[in-house]
> 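One structure, pasted below without further comment.
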Protein chains: 2
Amino acid sequence: MNASNASVQPVEETPTTDGGDAPIVRMKDIEGMPGTRGGLALRCFQFGFAVAAFAVMAASSDFPSVSAFSYLVAAAGLQGLWSLSLAVIDIYALLVKRSLQNRPIVSFFAVGDGVTTTLTFAAACACAGITVLINNDLDLCSVNDCVQLQSATAMAFLCWFITLPSFFFNFWSLASR
Amino acid sequence: MNASNASVQPVEETPTTDGGDAPIVRMKDIEGMPGTRGGLALRCFQFGFAVAAFAVMAASSDFPSVSAFSYLVAAAGLQGLWSLSLAVIDIYALLVKRSLQNRPIVSFFAVGDGVTTTLTFAAACACAGITVLINNDLDLCSVNDCVQLQSATAMAFLCWFITLPSFFFNFWSLASR
């Protein structure tokens, strides 16, 4: 017997069920969590912003000479790969109508989201510091392509901002078990 | 009747008790949460690192001319004030042996910790980006006092790192109610 309630899609019997009629207390599926349509939408936006930040910064002429810009490219690349992998897992879970709400999976997603979102935020802040230095403090926008640097930084901030809900959903569902 | 268990100090009856024998389900006090000795120690370290970052950066000659450095001073100042206030509340709670584990208080602490730790981390990352630019990319340490800038940045990172447990304790106890 399955005690899952408020699930957004039918939940399959997992192989861990050890028979009998004992109800399994399972995490609730809220839109935005892994394996839901909302979660998949979040992942797609994360991937889009990460790729945009990566591409815009990698196309900039200043990128190889400034460590923070190289770091943004690396962090956005990692974030893009992570979000793409989780989007694929979400699509699989939606297609086979399988819930991803079990403790080891949610812990892994929460830690992964925490690490990638922190790295992306750190890279965005470092680039923002340098962009503000070039643009406002030193007024060197004639030499550097400020618009491109600011766009890449803004994309990285948006990517961080859209990864936060994924992280908090996972962390919350982990804590509220 | 009080249903609190594993409390580190005797928990007083709160004024919200509406009489009768109905058990009150209360959050558990874990060391590190508000109103515990561990929580007070965390607040003291946060305050110490915030004051150190504030003082070292404010004493630097580059501080007024670079936006990121001014922002670090502001963020470290705010973090210091927040941690000091919560340390005073923790001392009060320990002295009168009162538990701070109720939902509105923990929500307020979690939001405050989340905001201040994000601002401190952003300031630390922005300063780290500029310090690495000056030190490694442009090799301008002869003109700027790199050691002072790096020390202030390191203090801000330590302050962020020691605020994270406070935030996670509050968020976890909020979610696990």
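Source: prediction; values computed, not measured. Sequence lines set the chain letters: A, B, ... in the order given, protein chains first and strands last, and positions in each chain run from 1.
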> Shorter than 4.5 Å, heavy atoms on both sides: which option in Cys127(A), Cys125(A), Ala124(A) has the most such pairs with chain B?
Cys125(A)
> Taking side chain as C-beta onward, heavy atoms only, is Val132(B) less than 4.5 Å from Val66(A)?
no
> Identify which part of Ala122(B) has an atom lying under 4.5 Å from any heavy atom of chain A, answering side chain, backbone, both or neither.
both
> In terms of heavy-atom contacts, does CZ of Phe168(B) have more than 12 from other residues, nucleotides or ligands at under 6.0 Å?
yes
> I'd like to know which of Phe121(A), Phe69(A), Phe171(A) tops the heavy-atom pair count under 4.5 Å against chain B.
Phe171(A)
> What part of Ile130(B) lies closer than 4.5 angstrom to a heavy atom of chain A: side chain, backbone, both or neither?
both
> Going only through I, L, V, M, F, W and Y residues with side-chain contacts under 4.5 Å, is there a path from Met155(B) to Phe47(B)?
no
> Would you say that more than 12 heavy atoms from the other residues, nucleotides or ligands in this model lie under 6.0 Å from the CZ of Phe161(A), or not?
no
> Taking a hydrophobic cluster as the set of Ile, Leu, Val, Met, Phe, Trp and Tyr residues connected by side-chain heavy atoms closer than 4.5 Å, whether directly or through intermediates, do Leu158(B) and Leu119(B) fall within one such cluster?
no
> Give a yes or no on whether Leu40(A) and Ile162(A) share a hydrophobic cluster (residues Ile, Leu, Val, Met, Phe, Trp, Tyr; joining criterion: side-chain heavy atoms under 4.5 Å apart).
no
> Here's a test: name every donor-acceptor pair under 3.5 Å between chain B and chain A, with the distance for each.
from      : atom 1 : to        : atom 2 : distance (Å)
Ser67(B)  : N      : Asp137(A) : OD2    : 2.9
Ser67(B)  : OG     : Asp137(A) : OD1    : 2.8
Ser67(B)  : OG     : Asp137(A) : OD2    : 3.3
Asp137(B) : OD1    : Ser67(A)  : OG     : 2.8
Asp137(B) : OD2    : Ser67(A)  : N      : 2.9
Asp137(B) : OD2    : Ser67(A)  : OG     : 3.3

> Compare every heavy atom of Ala175(A) with every heavy atom of Ala175(B), then report the nearest pair and how far apart it is.
CB-CB, 3.4 Å
> I'd like to know if Leu133(B) and Leu138(A) are part of one continuous hydrophobic network [Ile/Leu/Val/Met/Phe/Trp/Tyr, side-chain heavy atoms within less than 4.5 Å].
yes
> Taking Val51(B) as the starting point, is it possible to reach Val73(B) by hopping between hydrophobic residues whose side chains are less than 4.5 Å apart?
no
> Can you establish whether the number of heavy atoms outside Phe45(A) located under 6.0 Å from its atom CZ is more than 12?
no
